[in-house]
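See below for the structure under consideration.
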2 protein chains.
Amino acid sequence: MIGAFKSTNQRARVVAEGIATAIHEHRLAPGMKLIEDEVGEIYGVSRTIVRSALQSLSHEKLVEIEPNRGAFVARPSVRDAREVFEARALLEPRTAHSAATRTTPADIELLKRHIEEEHAALDAEEVGRALRLSGNFHIEIARIANQATIAAFIGQLVARSSLIIALYWRRRNALCESHAHHALLDALARNEADRAEELMTSHLVDLVSLLDLTEPPVEPTSLKEALGAE
Amino acid sequence: MIGAFKSTNQRARVVAEGIATAIHEHRLAPGMKLIEDEVGEIYGVSRTIVRSALQSLSHEKLVEIEPNRGAFVARPSVRDAREVFEARALLEPRTAHSAATRTTPADIELLKRHIEEEHAALDAEEVGRALRLSGNFHIEIARIANQATIAAFIGQLVARSSLIIALYWRRRNALCESHAHHALLDALARNEADRAEELMTSHLVDLVSLLDLTEPPVEPTSLKEALGAE
DNA sequence: GAGGCAGGGATTGTATACAATGCATCCGAT
DNA sequence: ATCGGATGCATTGTATACAATCCCTGCCTC
């Protein structure tokens, strides 16, 4: 949605976005193997396209490609998790600041609709969809800041965050976020840049505090994966 | 050098790094066309590998792939240039701060050697090589900060900066940088984090001030490119 | 001449064939 | 029974063949 790249080949893009969305919505769990033939069959394309898509996803660190072994949904380590949120803490507050100075009523409408959709998804028990929309809220703010380069970085970090949440989230309640997003929306609507920056900072701190980053490894997808690999 | 990724296929990596280095050293000019067959012949690989490499480079925005038209060395717009240095201003000073708190004598030795190599290259009139080494200095600092995720972002931004410099640099003197790098090295050696952060901030400001970002388009590589495309 | 259109060569997009590698299973030896 | 190695299947890595697209050139019309 955010990146209207024309660069990568159209068909590979469809496949990559399909897989990415599935990862964002936690339909594809970390560690899951992505067999080229299977994916190709699903999307009706040859392995050439699938490979291109998988390489693209591996560049965004949503997928890990192990030479001669195949592609797996990435399993960020505890260290990865810390790094991702460290990077977000560096980028997003200042970006929210910038965004607040430029937010238009149209932007506010869009963000409002995002939040509403998120609530609707939560009410419908579609946790995965709610999670993806929650991430999109952050990406939308980066877009408002009108810095495509930084927005692309944030987009990647948000995507990885989804995997991190899948692995290290303490509980199942994503509700807590709604309040923070509402407050951010308010600050943006009033063009209160400093407050938006502070809110984003504390929002990210809150997010990290909801992760359990103590256990070094992570719950394996299957015994086979746990014992067979690495 | 910085990314010892095992992810992408070995052969494609060699090709991608070869092209990337050539871009960093300004042997490949912005806008230049990269024909798959030609590249494949040079490296002794099939188009499959070349395509993989080009897609990888396009993800790093060193190459632009225009559907059905081919791959070209990227030509960052004035806006891209501003965005890249805006992102660097956001990431690098804080990263230098972090790095300064962790810099070891071994790191200092490495950085010193970097600077020396850069000087040697300049003395030998190898401007391209000096430029690449100058960029590596920044990447090395990010590495010292021990944040791989942020370091990867900075690496990408430094690489793009090389293209931006090729297009928008006012003069030919890269000498000015040496002083700033020396000062940074000193701050890191003494573990003076705040000073390192300030030095990095002003260094980046200096860099931008040496760019001429007034002219909307850029000097074309060839008449054909200038008149034929877009 | 200027503009438009058709043909041909060059280049990219995609699928597929074949080689290389890894993984599981089975067998035999100890 | 457990370990070691060999065999076969599943999957990935690479090259190549063919189709689609683009771009250049030359011709034709006005």
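Numbered from 1 within each chain, the chains take letters A, B, ... in sequence-line order.
- Between the NZ atom of B:K33 and the P atom of D:dC22 there is a distance of 12 Å, given to the nearest Å.
- Across residues 34-42 of chain B, B:L34, B:I35, B:E36 each have a non-hydrogen atom less than 4.0 Å from an atom of DNA chain C (numbered order).
- The side chain to side chain contact (heavy atoms under 4.5 Å, CB included) check on B:R129 picks up B:E25, B:E117, B:A121, B:E126, B:R132, B:L133, with sequence neighbours excluded.
- In terms of the side-chain hydrogen bond (donor to acceptor under 3.5 Å, both in side chains) criterion, residue partners of A:R79 (sequence neighbours excluded) are, by chain and number, A:E83, B:N146.
- Atom CG in B:N68 sits about 13 Å away from atom C1' in C:dA10, given to the nearest Å.
- Atom CD of A:Q55 and atom C1' of D:dT12 are 12 Å apart (whole Å).
- Of the two residues near DNA chain C, B:A71 and A:R47, the one whose nearest nucleotide lies more 5' is B:A71.
- Checked against side-chain hydrogen bond (donor to acceptor under 3.5 Å, both in side chains), B:E60 has no partners two or more places apart in sequence or in another chain.
- With sequence neighbours excluded, the residues forming a side-chain hydrogen bond (donor to acceptor under 3.5 Å, both in side chains) with B:E92 are B:R88, B:H138, listed by chain and number.
- Using a 4.0 Å cut-off between charged nitrogen and carboxylate oxygen, B:R113 and B:E109 do not count as a salt-bridge pair.
- Atom pair B:E64:CD and C:dT12:P shows a separation of 15 Å (rounding to whole Å applied).
- The side chain of A:I49 lies closest to C:dT14, out of C:dT14, D:dA15, C:dT12.
- In the set C:dT11, D:dC23, D:dT14, D:dC23 carries the atom at the smallest distance from any side-chain atom of B:R69.
- The side chain of B:T48 places no N or O atom within less than 4.0 Å of a non-bridging phosphate oxygen (OP1 or OP2) of D:dT14.
- Among residue pairs with one or both ends in residues 21-54 of chain B, none qualify as ring pair (Phe, Tyr, Trp, His ring centres under 6.0 Å); sequence neighbours excluded.
- A:R11 has its CZ atom 11 Å from the P atom of D:dT21, to the nearest Å.
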